[in-house]
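Input: a single structure, listed below in structure tokens.
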Protein chains: 2
Amino acid sequence: MHPRYARIADELRAAILGGELPVGAPLPSETVLAARHKVARGTIRQAVAVLTAEGLVGSRQGARRIVLGRERSQNFAVLHSFAEWARAAGHEVTGQVIEQSRRTAGAAEAARLGLAVGDPVLQVLRLRRLDGVAVLLERTVYAGWLAPAVERLPADCDSVTRALFESRGLVFAYGEHLIDAVAAGTEDARLLGVRRGGPLLRQRRVTTTREGRPAEWSDDRYRAGSVTFAIRNAAGALAVHPQD
Amino acid sequence: MHPRYARIADELRAAILGGELPVGAPLPSETVLAARHKVARGTIRQAVAVLTAEGLVGSRQGARRIVLGRERSQNFAVLHSFAEWARAAGHEVTGQVIEQSRRTAGAAEAARLGLAVGDPVLQVLRLRRLDGVAVLLERTVYAGWLAPAVERLPADCDSVTRALFESRGLVFAYGEHLIDAVAAGTEDARLLGVRRGGPLLRQRRVTTTREGRPAEWSDDRYRAGSVTFAIRNAAGALAVHPQD
DNA sequence: GTCCCTAGCTTGTTTGAACAAGTTCTGGGC
DNA sequence: GCCCAGAACTTGTTCAAACAAGCTAGGGAC
């Protein structure tokens, strides 16, 4: 059973997405909502904090909260798994390991993965296709303790994240991403089928387990025009949990 | 005076950034922190919620909170203003309007800015330099009601966001961003001084006022290698900033 | 009619308490 | 020595109350 505030948040979200609370309209005041749901004001504040974090509503002290938008921004967590995102968007995803080898960590990798220089790591080069078209080239380095689990995966595994969750109970909960544009190198161009020197969208990311242990470090290159990152930010309102 | 929880958050953040609380270390428990600062547990929870949203600490029910990282990711708000970010990072920013003209909104613009087709808009082409190097080409469309305020700005205005805040009290608080890579067109190549067809990082964004009124729509192209978007996502909360 | 100022409403901050749910560690039993 | 059951601890959820700070609409002065 979800907590009370989450269910109230779901209800409000549904009202916004369903158009009962149109964009620009004020939300009912906290007092009214509290009375309507028979909960304390703090619980309502937690519920609207969820919506604020999603960028659906904005708030200013003294004035009523306002509906900002109807499109719910996906949690950025989907960015962790190309496969999850693509499937949700109705695309067919396939993956293929091009190259896989064990080696030892260099200084940069060691720092990023929280290892010592020389610790074993597993390097994987993976090509992913969307509806048959080569779209993403992943160069991933897994921490040594993950290597056996990754090596056991089939070469055409669709979703590594899901597979590792199912086989090892691993959850990649927190991550850090660096996004920029780079020119396609020779290998990039050949595998993705683009011109050498042409634009690629690069995403470098570190993913850690829920406990904060770094698990993988990856350099992902997307063919230009194939993928766009969408970010909705509920800027000023970054503080979340109002009350305990 | 900042609220109490914000000051406690600042103190904890400083401890993490300063290395007193190294990555992987547990945070003191809420009870301990509450006693130490002589506040209620709820106040401590608000403080750590800030850090959680910044991606600095993670938490699991039942276990102590853990320091996840040392790099603080700025709130996405800074991304609204290239100038604000650059200045904060210690760079010298200059801007220059290349072209500016009024026209009427097409279908796509009207939809994005919440206008009717044919409503007046102001189109501005702006080149921005970082420490003297051309780095960003902005193609911005302002809603008609903003046009007078924008036209009144000097052609070499550094920070449009700040200027509009000061002259009109406008705050660009919420936005939506689409990030991808594109090949440089002829004009892009000439103004940014890169090869035609070379990689550019494109950011398309809609910015609305705090009240949810769309104010500007912009296509920003960054020279590859000059700027990187950093995104840190802590299970739902995301924060982003450009970095070099 | 216009302007200002205040009364009332709304969100923000904080307190203190209680229980629920999950984790960690300590002993005792084997 | 190993393993399992609790005890103790820690975070998560909720309540009720109070005051602070900011906004808005309406009424009074001009």
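For the pair A:Ser29 and C:dC9, the criterion of a side-chain N or O lying under 4.0 Å from OP1 or OP2 is not met. At C:dG12, one or more side-chain N or O atoms of A:Ser59 fall inside 4.0 Å of OP1 or OP2 (strictly under the cut-off). Close to D:dC15, at under 4.0 Å from its OP1 or OP2, lies a side-chain N or O of A:Thr43.
Regarding B:Gln61, its CD atom lies at a distance of 12 Å from the P atom of D:dT14, rounded to whole Å. Straight-line distance from the CD1 atom of B:Ile66 to the C1' atom of D:dT11: 13 Å, rounded to whole Å. What separates CD of A:Glu30 from P of D:dA16 is a distance of 16 Å, to the nearest Å. Computed from coordinates, the B:Arg64 CZ to C:dT24 P distance equals 11 Å when rounded to whole Å. Whole-Å rounding puts the B:Lys38 NZ to C:dT13 P distance at 23 Å. Counting to the nearest Å, the P atom of D:dT14 and the CD1 atom of A:Ile44 are 10 Å from each other. One atom, NE2 of A:His37, and another, P of D:dC15, lie 12 Å apart when rounded to the nearest Å. Note: CZ (A:Arg65) to P (C:dT10) measures 12 Å, nearest angstrom.
Within the 4.5 Å cutoff, the side chain of A:Arg13 has heavy atoms near those of the A:Val50 side chain. Looking at A:Ile8 and A:Gln46, their side chains never come closer than 4.5 Å, going by heavy atoms from C-beta outward. Here the side chains of A:Asp220 and A:Arg128 are not in contact, with every heavy-atom distance at 4.5 Å or above. Side-chain atoms of A:Arg64 and A:Leu27, non-hydrogen and from C-beta on, never get closer than 4.5 Å to each other.
Proximity note for A:Tyr5 (side chain, C-beta onward) versus C:dT13, D:dT14, C:dT11: the nearest is D:dT14. You'll find that the side chain of A:Val39 is closest to D:dC15, out of D:dT13, C:dG16, D:dC15.
Counting atom types as modelled, B:Arg41 pairs a side-chain N or O with a base atom of D:dT13 as donor and acceptor under 3.5 Å. Judged by distance alone, with hydrogens and angles left aside, B:Arg45 brings no side-chain donor or acceptor close enough to the base of C:dT13 to form a pair under 3.5 Å.
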Quiz item: For B:Gln100 and B:Arg126, what are the C-alpha separation, side-chain angles and deciding distance, and is it a side chain to side chain contact (heavy atoms under 4.5 Å, CB included)?
Solution: CA-CA 9 Å; B:Gln100 179 168 313; B:Arg126 207 182 270 119; 5.8 Å; no

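When each of A:Ala6 and A:Ala63 is assigned the nucleotide of DNA chain D with its nearest heavy atom, A:Ala6 is the one assigned upstream, toward the 5' end.
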